[in-house]
Amino acid sequence: MIRGRINIIIFLILSAFIVSCSPLHAGREGNAKKAGAAVTQASDVVTMPEPGKKVLIGNDKYLIYGFTKRPTMGIEIIKIQVYDSMGKKDTSLTIVADSWMPSMPGMHSGHHTSQLSKKGDYLTPVDITMPGDWEVKLTIMKDGKVLFRGSHKFDV
């Protein structure tokens, strides 16, 4: 009887160890590449550098993104500026932002299409419903074709 309980306890401990070592959310993070790495397919997602840094979109465009203020709970705005190789703003794109909490897949998620401001900036709301780890994924399209996908993780 005791030997059977010991075997069950050992099995549970080993199972817990194996599960804790397994990567979580591989569907969202498994395809992530470092910023600056070549995007070989429109489905590839690059890990973007910190806000305020240039992020290359193909060979002839780049973007600079950031929150309009430090993210806290509530609706925060991400401002995205896209430039061509000559440094001129590109306002011909569609940008979609998906946000979620990686630690709670399927919960607290949002999907918004950016609105273009009078200054030529793309503005996207992100609804931060609770403190914790968050991720936002930007999908940039032109004429329905995906040009770029990038993600940024942040804490609130």
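- Note that the NZ atom of K54 and the OH atom of Y83 stand 9.5 Å from one another [nearest 0.5 Å].
- No side-chain heavy atom of I95 sits less than 4.5 Å from a side-chain heavy atom of T113.
- What you find for F148 and L56 is that their closest heavy atoms are CE1-O, 3.7 Å.
- At a cut-off of 3.5 Å, with distance as the only test, no side-chain donor of K142 or T94 sits close to an acceptor on the other residue.
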Extract all donor-acceptor atom pairs below 3.5 Å that involve side chains of residues 58-70 and protein atoms in other chains or at least two apart in sequence.
unit_1: K61; atom_1: NZ; unit_2: D90; atom_2: OD2; d: 2.7
unit_1: Y65; atom_1: OH; unit_2: P49; atom_2: O; d: 2.5
unit_1: Y65; atom_1: OH; unit_2: H152; atom_2: ND1; d: 3.1

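- Under the 4.5 Å side-chain heavy-atom criterion for Ile, Leu, Val, Met, Phe, Trp and Tyr, I80 and L147 are members of the same hydrophobic cluster.
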Quiz item: When you look at M130 and M104, which way does the side chain to side chain contact (heavy atoms under 4.5 Å, CB included) test go after all the steps?
Solution: CA-CA 11 Å; M130 63 187 295; M104 302 175 88; 4.0 Å; yes

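- Going from atom NE2 of H111 over to atom OG1 of T124 covers 10.5 Å, rounded to the nearest 0.5 Å.
- Using a 4.5 Å heavy-atom threshold, the side chains of Y122 and T91 count as touching.
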Practice problem: Show your reasoning for whether side chain to side chain contact (heavy atoms under 4.5 Å, CB included) applies to I128 and T72. | Solution: CA-CA 7 Å; I128 300 173; T72 59; over 6 Å; no

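- In terms of heavy atoms, M101 sits closest to G132 at CE-CA, 4.0 Å.
- Residues T129 and W134 share a closest heavy-atom pair of N-CZ2, 3.5 Å.
- The side-chain contact (heavy atoms from CB on, under 4.5 Å) search around P131 returns M73, not counting sequence neighbours.
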Practice problem: Under the side chain to side chain contact (heavy atoms under 4.5 Å, CB included) rule, what do I75 and V126 come out as? Steps first, then yes or no, please. | Solution: CA-CA 6 Å; I75 296 177; V126 175; over 6 Å; no

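- Here the side chains of I78 and V136 are in contact, with some heavy-atom distance below 4.5 Å.
- Applying the salt bridge (charged side-chain N to carboxylate O under 4.0 Å, His left out) test to every pair with at least one member in residues 95-121, sequence neighbours left out, gives these pairs: K89-D121.
- In this structure, the separation between CZ on F154 and CD on E50 is 11.5 Å, given to the nearest 0.5 Å.
- When side chains are defined from C-beta on, K153 does not count as touching T47, because their heavy atoms never get closer than 4.5 Å.
- No donor-acceptor distance shorter than 3.5 angstrom exists from the side chain of S114 to the backbone of V96, with no hydrogens or angles considered.
- Shortest non-hydrogen contact noted between I77 and P125 is CD1-CA, 3.9 Å.
- Separation of atoms CG (L93) and CG (L116) is listed at 9.5 Å; rounding is to 0.5 Å.
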